[in-house]
Amino acid sequence: MTTLIDLWLEAAHEAYALRAQLAYLEEAWLRAEADADFWYFQACNRNLSEAPG
């Protein structure tokens with residue numbers, strides 16, 4: 001028979017696992033944003049250097 005404590009412990013374990021997944025996704029998002037910024041500025045710099053005038 002499952003007790004209330006067992007259910008609470010299971011929920012706490014699930015919450016911990018979800019927090020870990022969220023932290024991983026947040027880090028991946030920040031890396032993706034940094035990569036996008038890098039390539040955006042690379043493209044802007046390339047276009048500026050090729051612009052006439």
Side-chain angles (χ1 to χ4, degrees):
M1 181 175 193
T2 303
T3 66
L4 186 57
I5 292 173
D6 292 332
L7 292 173
W8 185 88
L9 289 173
E10 184 179 342
H13 177 73
E14 289 293 322
Y16 179 80
L18 288 173
R19 278 194 301 270
Q21 288 177 347
L22 180 59
Y24 173 79
L25 291 173
E26 286 174 336
E27 289 174 13
W29 180 267
L30 292 174
R31 283 191 306 271
E33 279 187 325
D35 287 348
D37 287 345
F38 172 79
W39 290 112
Y40 174 78
F41 288 116
Q42 287 289 351
C44 288
N45 289 336
R46 187 176 313 119
N47 289 338
L48 286 176
S49 65
E50 295 174 359

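Count residues from 1 along the sequence. In this text the structure is predicted, and so the values were computed from the model without any measurement.
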- Task: Linking directly or through intermediates, with side-chain heavy atoms under 4.5 Å: list the remaining ILVMFWY members grouped with W8, chain and number order.
- Result: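 Once heavy-atom contacts under 4.5 Å are chained together, W8 belongs with I5, L9.
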- Message: Run the side-chain hydrogen bond (donor to acceptor under 3.5 Å, both in side chains) test against T3 and tell me which residues pass, sequence neighbours left out.
- Response: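 By the side-chain hydrogen bond (donor to acceptor under 3.5 Å, both in side chains) rule, T3 matches D6.
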Identify all side-chain donor-acceptor contacts of residues 17-43 below 3.5 Å with residues at least two apart in sequence or on another chain.
from: W29; atom 1: NE1; to: E33; atom 2: OE2; distance (Å): 3.2

